[in-house]
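Each chain gets a letter, A, B and so on, in the order the sequences are listed, and its residues count up from 1.
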Protein chains: 2
Amino acid sequence: MSDRIIPEATKRRMPIYYKYFKSQQEAGTKRVSSKSISDSLDIDSATIRRDFSYFGELGRKGYGYNIDSLVDFFSEQIFGKTVKKVAIIGVGNLGSALLRYNFGGNVSNSMQLVAGFDIDETVIGKTIGNCVVYNMDELNHIVKEKNINIAILTVPKESAEEAKIAIENAGIHGIMNFAPVKLTGHEGLVIHDVDITLELQSLCFNMKLSRGE
Amino acid sequence: MSDRIIPEATKRRMPIYYKYFKSQQEAGTKRVSSKSISDSLDIDSATIRRDFSYFGELGRKGYGYNIDSLVDFFSEQIFGKTVKKVAIIGVGNLGSALLRYNFGGNVSNSMQLVAGFDIDETVIGKTIGNCVVYNMDELNHIVKEKNINIAILTVPKESAEEAKIAIENAGIHGIMNFAPVKLTGHEGLVIHDVDITLELQSLCFNMKLSRGE
DNA sequence: ATACTTATGCGACATTAAGCACTATTTGTG
DNA sequence: CACAAATAGTGCTTAATGTCGCATAAGTAT
Ligand SMILES: NC(=O)c1ccc[n+]([C@@H]2O[C@H](COP(=O)([O-])OP(=O)(O)OC[C@H]3O[C@@H](n4cnc5c(N)ncnc54)[C@H](O)[C@@H]3O)[C@@H](O)[C@H]2O)c1
Ligand SMILES: NC(=O)c1ccc[n+]([C@@H]2O[C@H](COP(=O)([O-])OP(=O)(O)OC[C@H]3O[C@@H](n4cnc5c(N)ncnc54)[C@H](O)[C@@H]3O)[C@@H](O)[C@H]2O)c1
């Protein structure tokens, strides 16, 4: 059943599964069952088995799933075979927080923060976290040199469109956009928006619904 | 049809609609139709009409929807009648970025960042953005004084559980959690997790699917 | 006024996702 | 080695979500 028609709902759960597998692996767990995953993630066990079945037969009847195999398999599904190299575009408040954070060190075997870029002379040349902040002029060149695949866009909304074009031209195909503007790119550019005010509104609405209040 | 049985899928779209209405209102738009919303948000126009219909008859046939009414109506649905007061718990890299950002000033008629809290003497007493950073000891007292409804939790993962308990005890019912740990609270505490590494994985997976790559 | 256009709200239908329940298989144990 | 326990994988049922089509009301132009 591994012909590439993976339902949207399954796609959405992939990162959630992966996060769980990693945390279990770190905790020393060797095997899991659809039941044990279900208990932790609050997803029906049948849904979990069905989700996995789209990728082939990942488990063994009567035993469950081996955690190391799951991590390896999902890692390749999500990231591919090579480590993804990530750059921060716009090293201001949020960009520098992300550089210092460096994903909490957690994801470093599949994703790596490798550079920052800005137009402000006062940050260019600095090293934040363990990344150098380069001038935007150097984007093309450094992207090739360091094999950067993904850009995290943390510039003011006014500059977002301009920065997006630079990113696209440098040959990067994935953008995680924190600026509160709608960006569209050429066919083949994948843009993922993260909007913190949207998340807060979502929280407010859930509070309203669950508590009247 | 305004008996409170709003489908999950509709709930998820509420903040997206609201964001769009606000942006249109700011741009001076006076009316919209399900068709025009559909074109911008890439949600089927029938889905939009159906979503709105759960809240009653918001539009007029042959005319569409009045933007100001929509903004007012959705604002009350999402936030309620009073402005939501928000505090940042843990004023480190991310917490201080959020304080300086202050939601880009956008949401200030429905949400307001009013204070920061920390345990580190070197930040306590400072003013960041336009908020004072208080000692965590003062949480109970300031929450009452300023009528704080929501906490944004940006402490290290090791302190998250402890901070959650303090927040809960102070009488706050909504937490937006940035720490990469699973928090659970009493009945009536609404927790919304934001995990940036999860979002990045989601981006990677979409790149993989859409580009083979 | 009258005809024509626009666009809602809603019932009916279609698609997608979730969950049940059964089968087949492996595990682990005595 | 035999057998009970565990658990994956899946056909089928049910629930949730999305879409179509149209009657109807409102707006617009002549
Ligand atoms: N700070 C937050 O907590 C926060 C939260 C959510 C969203 N955001 C969004 O993230 C973005 C950044 O926010 P911030 O508070 O870090 O802003 P900031 O002003 O502190 O930082 C922006 C940085 O981008 C740089 N920049 C400007 N134009 C550029 C360009 N064309 N190319 C490269 N770099 C450029 C600036 O020099 C600056 O260093 C904004 O769009 C904001 O709406 C911020
Ligand atoms: N920095 C980022 O870009 C980023 C991105 C995603 C998630 N996160 C998560 O957000 C959290 C904060 O990250 P950070 O980089 O800002 O860390 P940080 O260490 O810079 O800041 C944490 C702050 O919390 C304070 N603190 C510690 N214990 C506390 C307590 N019990 N009560 C109140 N304050 C307390 C510390 O004094 C410090 O000021 C972490 O859990 C991290 O995993 C950070």
If we ignore hydrogens and angles and just use 3.5 Å, is the side chain of B/Ser33 paired with the main-chain N or O of B/Gly64 as donor and acceptor?
no
Just to confirm, is there a sub-4.0 Å distance from OP1 or OP2 of C/dG19 to any side-chain nitrogen or oxygen of A/Thr47?
yes
Distance check: side-chain N/O of A/Arg60 vs OP1/OP2 of C/dT27, anything under 4.0 Å?
yes
Interatomic distance where CD belongs to B/Glu8 and C1' belongs to C/dT16 [whole Å]:
16 Å
Is A/Arg12 touching bases, backbone alone, or none of the nucleic acid, heavy atoms closer than 4.0 Å?
nothing
Assign each of B/Ser33 and A/Arg31 to its nearest nucleotide of DNA chain C by heavy atoms, then name whichever residue's nucleotide is nearer the 5' end.
B/Ser33
So if I take residues 62-70 of chain A and measure heavy-atom distances to DNA chain D, which residues fall below 4.0 Å?
A/Gly62, A/Tyr63, A/Gly64, A/Tyr65
Could you give the NZ-to-C1' distance, from B/Lys11 to D/dT17, as a whole number of Å?
14 Å
Check whether A/Asn177 reaches the backbone of A/Asp193 with its side chain - one donor and one acceptor, N or O, closer than 3.5 Å.
no
Between CD1 of B/Ile43 and P of D/dT19 the distance, given in whole Å, is 10 Å
In whole angstrom, what separates A/Glu57's CD from D/dT7's P?
18 Å
Can you measure B/Asp51 atom CG to C/dG9 atom P for me and round it to whole angstrom units?
12 Å
CZ of B/Arg50 versus P of C/dC13: gap in Å, rounded?
13 Å
Looking across every strand, which nucleic acid part, if any, lies under 4.0 Å from B/Ala9 by heavy atom: base, sugar-phosphate, or nothing?
sugar-phosphate
Should B/Lys30 and B/Ile67 count as side-chain neighbours, where that means a heavy-atom distance under 4.5 Å?
no
Measure the distance from OH on A/Tyr54 to C1' on C/dA18 and round it to the nearest whole Å.
10 Å
Run the ring pair (Phe, Tyr, Trp, His ring centres under 6.0 Å) test on A/Phe205 and B/Phe74 for me, step by step, so that the C-alpha distance in whole Å, both residues' side-chain angles and the decisive distance to 0.1 Å come before the verdict.
CA-CA 10 Å; A/Phe205 191 47; B/Phe74 274 69; 8.6 Å; no
Pick base, sugar-phosphate or nothing for B/Ser34, based on heavy-atom distances below 4.0 Å to the nucleic acid.
sugar-phosphate
Closest-nucleotide ordering on DNA chain C, the 5'-leading residue of A/Ala46 and A/Pro7
A/Pro7
What integer distance in Å separates B/Asp44:CG from C/dA7:P?
16 Å
For the backbone of A/Glu76 and the side chain of B/Lys208, can you confirm whether one donor and one acceptor N or O come within less than 3.5 Å of each other?
yes
Between B/Asp51 and B/Tyr17, is there a side-chain donor-acceptor contact under 3.5 Å, judged purely by atom types and distance?
yes
Phosphate contact (C/dG11 OP1 or OP2) by B/Arg49 side-chain N/O below 4.0 Å
no
Ring pair (Phe, Tyr, Trp, His ring centres under 6.0 Å) between B/Tyr65 and B/Phe21, worked out:
CA-CA 10 Å; B/Tyr65 305 87; B/Phe21 301 153; 8.2 Å; no
